[in-house]
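Quick caveat, the model's predicted, so the values are computed rather than measured. The chains referred to below are lettered A, B, ... by the order of the sequence lines, with proteins before strands, and numbering in each begins at 1. Just so it is clear, the values below take in all heavy atoms, side chains as well, and ignore hydrogens, waters and symmetry mates.
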Amino acid sequence: MTGAQAAVAEAAACGLLGKDKEMVSGKTKKRLDKFKRNLPLHLMLLPGVILIAVFCYIPMGGILIAFQDYKVTKGILRSEWVGLENFRFLFSYPNFGQIMRNTVFIACSKLVLGLMAPVVFALLLNEIRHARYAKIVQTLVYLPNFLSWVILGGIFVTLLSPTGILNRALDLIGMGPYYFMGDNSLFPGTLIVTDVWKGFGYASIIYLATLTGINPELYEAAAIDGAGKWKQLIHVTLPGLAPILFVQAVLSLGGILNAGMDQIMNMYSPQVYASGDILDTYVYRLGLEQAQYSMSTAAGLFKSIIGLILMSAAYHFAVKYGEYQLF
Amino acid sequence: MIENSKPYKVFLIFDYIFVGILALICFLPLLHVFAVSLSDRVANGAGVVTFWPVNFNLESYKYVLRDNSFAKALGISVLRTAVGCAVQMTMTIMCAYPLSKSAYQMPSRIVYVWFFLFATLFGGGLIPTYLVVKRAHLINSFWALIIPGALPIGNVILLLNFFRNLPRELEEAARMDGAGHIKVLTGVYLPLSKASIATLSLFCMVGHWNSWFDGMIYLNDMSRQPLATLLHALVSQSVLNVLLQTTDMGTLKSLMTITNDSLRSAQLFIGMVPILCVYPFLQKYFTKGIVIGSVKG
């Protein structure tokens with residue numbers, strides 16, 4: 001029985017069927033009253049809703065051009081429909097496999113190292129009792145997170161060039177020179193290491209906060225039971241970190257196709273396309289440099305759909321098993 | 001005492017050293033660039049500059065700041081950061097306040113929240129967004145840097161969570177006295193969330209100062225681009241130059257005279273200065289856990 005049927009049956013049972021109409025109008029009136037009372041709230045939301053509708057939802061309609069042979073002169077209404085032709089062409093493009101491999105490899109490496117490095121750093125920093133020393137260290141390691149990849153890209157060009165300071169240092173111990181940003185075997189590693197370098201400090205804040213939140217009595221109890229520092233780490237600290245680590249890991253899985261366009265756009269060059277070209281940079285070059293609007297949108301849509309599925313699953317698991325609450 | 005066991009003491013010594021090295025690894029690259037920017041061309045070409053300027057001089061900075069296009073880009077960046085941050089914060093507060101109401105008080109809350117949330121999960125992508133911005137006649141306009149990103153949804157969620165944790169009694173008392181929504185927001189909510197709003201503003205500022213991609217795709221006219229976009233063009237060019245060095249060491253010498261390391265470093269450093277200036281304030285807030293408490297966790 002549907003809700004409406006149930007309501008009617010209930011009303012009939014109570015002998016109120018005749019007054020049904022009155023009741024409904026009473027309900028709508030109540031709802032209207034509430035809406036009127038909340039009108040200022042709705043008005044406050046209006047600009048935001050319009051903005052998101054225009055710049056997020058209308059473009060979502062624009063994904064139609066992924067199924068067209070879109071021509072700017074014809075517009076979205078009169079361009080020719082080609083079905084899945086763009087996708088077929090995309091997947092048969094010889095470099096597409098390579099681009100997917102690059103994307104997943106770079107993103108996964110960043111994900112794993114980007115999860116582990118902050119935890120290890122937080123554990124190491126947590127042992128330091130000298131408050132001033134810890135404070136100075138924190139100040140320095142959080143800083144790179146706030147600088148843009150434009151600046152950092154420029155810094156790494158200076159640092160990692162064949163005549164840069166790093167190669168000069170390696171030369172002193174008889175190594176190199178390495179072309180960190182021009183050699184396909186080194187470039188993905190350069191991307192991954194510099195990305196972890198930028199983010200590990202800031203990402204450790206949440207673990208440090210969790211560590212200071214662990215009940216000291218647990219450590220005292222463990223010490224009384226004869227547990228040394230190592231045993232305390234295994235039996236008290238790590239279990240204390242586990243829930244937050246789980247949530248972070250699950251949420252970051254949603255970004256498995258986000259290899260970091262911001263970074264790569266500032267560090268790559270045609271010579272390292274073979275190892276550093278990712279879906280996002282490909283979409284950009286295809287769309288805005290070669291004006292292949294339909295193909296670019298198809299590639300972007302492919303990524304968005306996978307991203308949507310992964311992110312939804314990630315939120316679902318984080319909320320269900322990690323006691324994570326979004327809003 | 002286990003606390004003072006010998007292996008632990010050894011570990012502690014290594015811990016101090018290791019953590020200190022990590023801190024230096026994070027800081028030395030910035031210091032190196034600063035030193036390069038203050039050294040002269042000869043010292044840089046000879047590759048003798050490490051973390052301290054060699055043949056100290058301010059020529060690069062003078063040259064960069066005399067450059068009209070650079071000064072103009074700097075001005076645009078300052079303007080976009082100020083205007084953009086103000087717009088973003090106004091929009092964020094206006095959206096976070098209604099959404100912080102209970103589902104009983106505002107039954108449509110959940111619809112709005114999902115409307116915003118879905119927009120963060122899925123998008124039309126680069127080209128459809130570009131076409132909409134174009135249709136809105138924003139191409140080559142300063143407002144292309146402000147309007148499309150005027151509502152940071154992540155910040156709305158942070159602030160609404162913060163609002164929800166404010167004591168209900170204060171609001172109820174104000175309502176008893178006949179205060180409307182605007183009065184409650186400006187008289188009760190905002191004064192109580194000064195720290196959160198300051199933090200979010202700082203993050204908005206950093207975001208605007210750092211963003212370069214919108215300037216590159218929406219503004220074709222170089223003279224309208226913000227500093228970050230200008231620096232991106234510069235950096236991409238130097239990546240290509242390094243590439244040339246790797247393929248043909250013969251061109252290295254000629255490039256040395258064209259690309260001036262200390263000039264580029266001075267430009268990068270000027271791009272960094274505002275971030276370094278707000279960084280102490282930023283750190284004060286984020287280490288207190290104001291943001292983190294509600295971001296993730």
ask   = What residue, out of P29(B), G125(B), G123(B), has the most heavy-atom pairs lying under 4.5 Å from chain A?
value = P29(B)
request  = Against chain B, label F146(A) side chain, backbone, both or neither, depending on which of its atoms sit under 4.5 Å from a heavy atom there.
outcome  = both
inquiry  = Please report the interatomic distance CD(Q267(B)) to CG(L230(B)), rounded to the nearest 0.5 Å.
reply    = 7.0 Å
inquiry  = If we define contacts as heavy-atom pairs under 4.5 Å, which of I136(A), V141(A), D262(A), T139(A) has the most with chain B?
reply    = T139(A)
message = Between I275(B) and chain A, with a heavy-atom cut-off of 4.5 Å, which part of the residue counts as in contact: side chain, backbone, both or neither?
response = side chain
ask   = Is it true that atom CZ of R135(B) has more than 12 heavy atoms of other residues, nucleotides or ligands lying nearer than 6.0 Å?
value = no
ask   = Given a strict heavy-atom distance threshold of 4.5 Å, which part of Y16(B) is in contact with chain A: side chain, backbone, both, or neither?
value = both
key: NZ or CZ of R285(A) within 45° of Y273(A) ring axis and under 6.0 Å   = yes
remark   = When the 4.5 angstrom heavy-atom criterion is applied to F269(B) and chain A, the contacting part is neither
ask   = What residue, out of V19(B), T120(B), L12(B), has the most heavy-atom pairs lying under 4.5 Å from chain A?
value = V19(B)
Closest contact, heavy atoms only, G149(B) versus Q88(B) = O-NE2, 3.0 Å
note = Answer key: most heavy-atom pairs under 4.5 Å with chain A among N210(B), T92(B), I182(B), V156(B) is N210(B)
ask   = Which region of L99(B), side chain (C-beta onward) or backbone (N, CA, C, O), has a non-hydrogen atom less than 4.5 Å from a non-hydrogen atom of chain A, or is it both or neither?
value = side chain
message = Do R109(B) and W114(B) have side chains that approach each other closer than 4.5 Å (heavy atoms only, starting at C-beta)?
response = no
Per-residue contact mode, Y293(A) against chain B (heavy atom under 4.5 angstrom) = both
ask   = Parallel under 30°, tilted from 30 to 60°, perpendicular over 60°: which one fits the rings of Y97(B) and H181(B)?
value = perpendicular
key: Interchain contact, I155(A) with chain B, by part (heavy-atom threshold 4.5 Å)   = both
request  = Go through the atoms of M267(A) and report whether side chain, backbone, both or neither lie under 4.5 Å from a heavy atom of chain B.
outcome  = backbone
message = Counting heavy-atom pairs closer than 4.5 Å to chain B, which one of L124(A), I58(A), N38(A) comes out on top?
response = L124(A)
note = If one checks every heavy atom of Y112(B) against chain A at 4.5 Å, the contacting part turns out to be side chain
Contact class of D280(A) relative to chain B, heavy atoms under 4.5 angstrom = neither
Option that, when pairs with chain A are counted at under 4.5 Å, heavy atom only, ranks first among P280(B), A136(B), P7(B), C95(B) = C95(B)
remark   = Smallest heavy-atom separation, S204(A) atom then Y142(A) atom, equals OG-CE2, 4.1 Å
Portion of P144(A) that has a non-hydrogen atom of chain B nearer than 4.5 angstrom = side chain
ask   = Is there a side-chain contact between Q290(A) and M295(A), using heavy atoms and a 4.5 Å cut-off?
value = no
note = Turns out that what part of V33(B) lies under 4.5 Å from chain A's heavy atoms comes down to side chain
key: Top contributor to chain A contacts, counting heavy-atom pairs under 4.5 Å, from V36(B), I93(B), V49(B)   = V49(B)
request  = Just do the ring-ring contact (aromatic ring centres under 6.0 Å, His included) check on Y179(A) and F187(A) with the steps written out, would you?
outcome  = CA-CA 8 Å; Y179(A) 305 145; F187(A) 187 64; over 10 Å; no
ask   = For M205(B), is it the side chain, the backbone, both, or neither that has a heavy atom closer than 4.5 Å to a heavy atom of chain A?
value = neither
inquiry  = Heavy-atom pairs under 4.5 Å with chain B: which of M265(A), M311(A), K303(A) has the most?
reply    = M265(A)
key: chain B contact via I65(A) - side chain, backbone, both or neither, heavy atoms under 4.5 Å   = side chain
key: Separation between CG of N266(A) and NE2 of H232(B), rounded to the nearest 0.5 Å   = 5.5 Å
message = Can you tell me if F213(B) has over 12 outside heavy atoms packed within less than 6.0 Å of its CZ?
response = yes
From CG (L117(B)) to CD1 (I110(B)), nearest 0.5 Å = 9.5 Å
note = So, the part of F156(A) with a heavy atom under 4.5 Å from chain B: the answer is neither
inquiry  = Taking side chain as everything from C-beta outward and backbone as N, CA, C, O, which of these in I21(B) sits under 4.5 Å from a heavy atom of chain A? Side chain, backbone, both or neither.
reply    = neither
ask   = Any side-chain heavy-atom pair from S37(B) and F34(B) closer than 4.5 angstrom?
value = yes
request  = Please work out whether the ring planes of F180(A) and Y178(A) are parallel, tilted or perpendicular, with thresholds of 30° and 60°.
outcome  = tilted
ask   = Looking at W149(A), W197(A), F200(A), Y70(A), which has the largest count of heavy-atom pairs under 4.5 Å with chain B?
value = W197(A)
task = First locate atom OG1 of T194(A), then atom CG of L152(A), and finally report the distance between them rounded to the nearest 0.5 Å.
result = 8.5 Å
query = Tell me, side chain or backbone of L126(B) under 4.5 Å from chain A's heavy atoms, or both, or neither?
reply = side chain
Contact class of V278(B) relative to chain A, heavy atoms under 4.5 angstrom = neither
request  = Heavy atoms only: give me the nearest S296(A)-L286(A) pair and the separation to one decimal.
outcome  = N-CD2, 3.8 Å
Distance (rounded to the nearest 0.5 Å) between R129(A) CZ and E127(A) CD = 6.0 Å
query = Relative to chain B, which segment of S294(A) carries a heavy atom at a distance below 4.5 Å: side chain, backbone, both, or neither?
reply = neither
inquiry  = With a 4.5 angstrom heavy-atom cut-off, is it the side chain or the backbone of M272(B) that approaches chain A, or both, or neither?
reply    = both
inquiry  = Could you measure the distance from the CH2 atom of W212(B) to the OG atom of S77(B)? Nearest 0.5 Å is fine.
reply    = 14.0 Å
query = By a 4.5 Å heavy-atom criterion (distance strictly below it), what part of I305(A) contacts chain B: side chain, backbone, both, or neither?
reply = both
note = Per-residue tally against chain B (heavy atom, under 4.5 Å) across C56(A), G48(A), A169(A) peaks at G48(A)
inquiry  = Quick check on I25(B) against chain A: is it the side chain, the backbone, both or neither that has a heavy atom closer than 4.5 Å?
reply    = both
task = Please determine, among I147(B), L234(B), L276(B), V206(B), the option with the most heavy-atom pairs under 4.5 Å with chain A.
result = I147(B)
task = Tell me, for L231(B) versus chain A, whether the close heavy atoms (under 4.5 Å) come from the side chain, the backbone, both or neither.
result = both
query = Measuring heavy-atom distances to chain B, does L301(A) have an atom under 4.5 Å in its side chain, in its backbone, in both, or in neither?
reply = side chain
ask   = Mind checking whether Y218(B) and Y130(B) have parallel, tilted or perpendicular rings, split at 30° and 60°?
value = parallel
request  = Measure L22(B) against the heavy atoms of chain A and call it side chain, backbone, both or neither at under 4.5 Å.
outcome  = both
task = Walk me through it: do T163(A) and R168(A) pass the test side chain to side chain donor-acceptor pair (under 3.5 Å)?
result = CA-CA 7 Å; T163(A) 54; R168(A) 274 188 273 143; over 6 Å; no
ask   = At their closest point, which heavy atom of P98(B) faces which heavy atom of L41(A), and how far apart are they?
value = CG-O, 3.6 Å
inquiry  = Quick check on A318(A) against chain B: is it the side chain, the backbone, both or neither that has a heavy atom closer than 4.5 Å?
reply    = neither
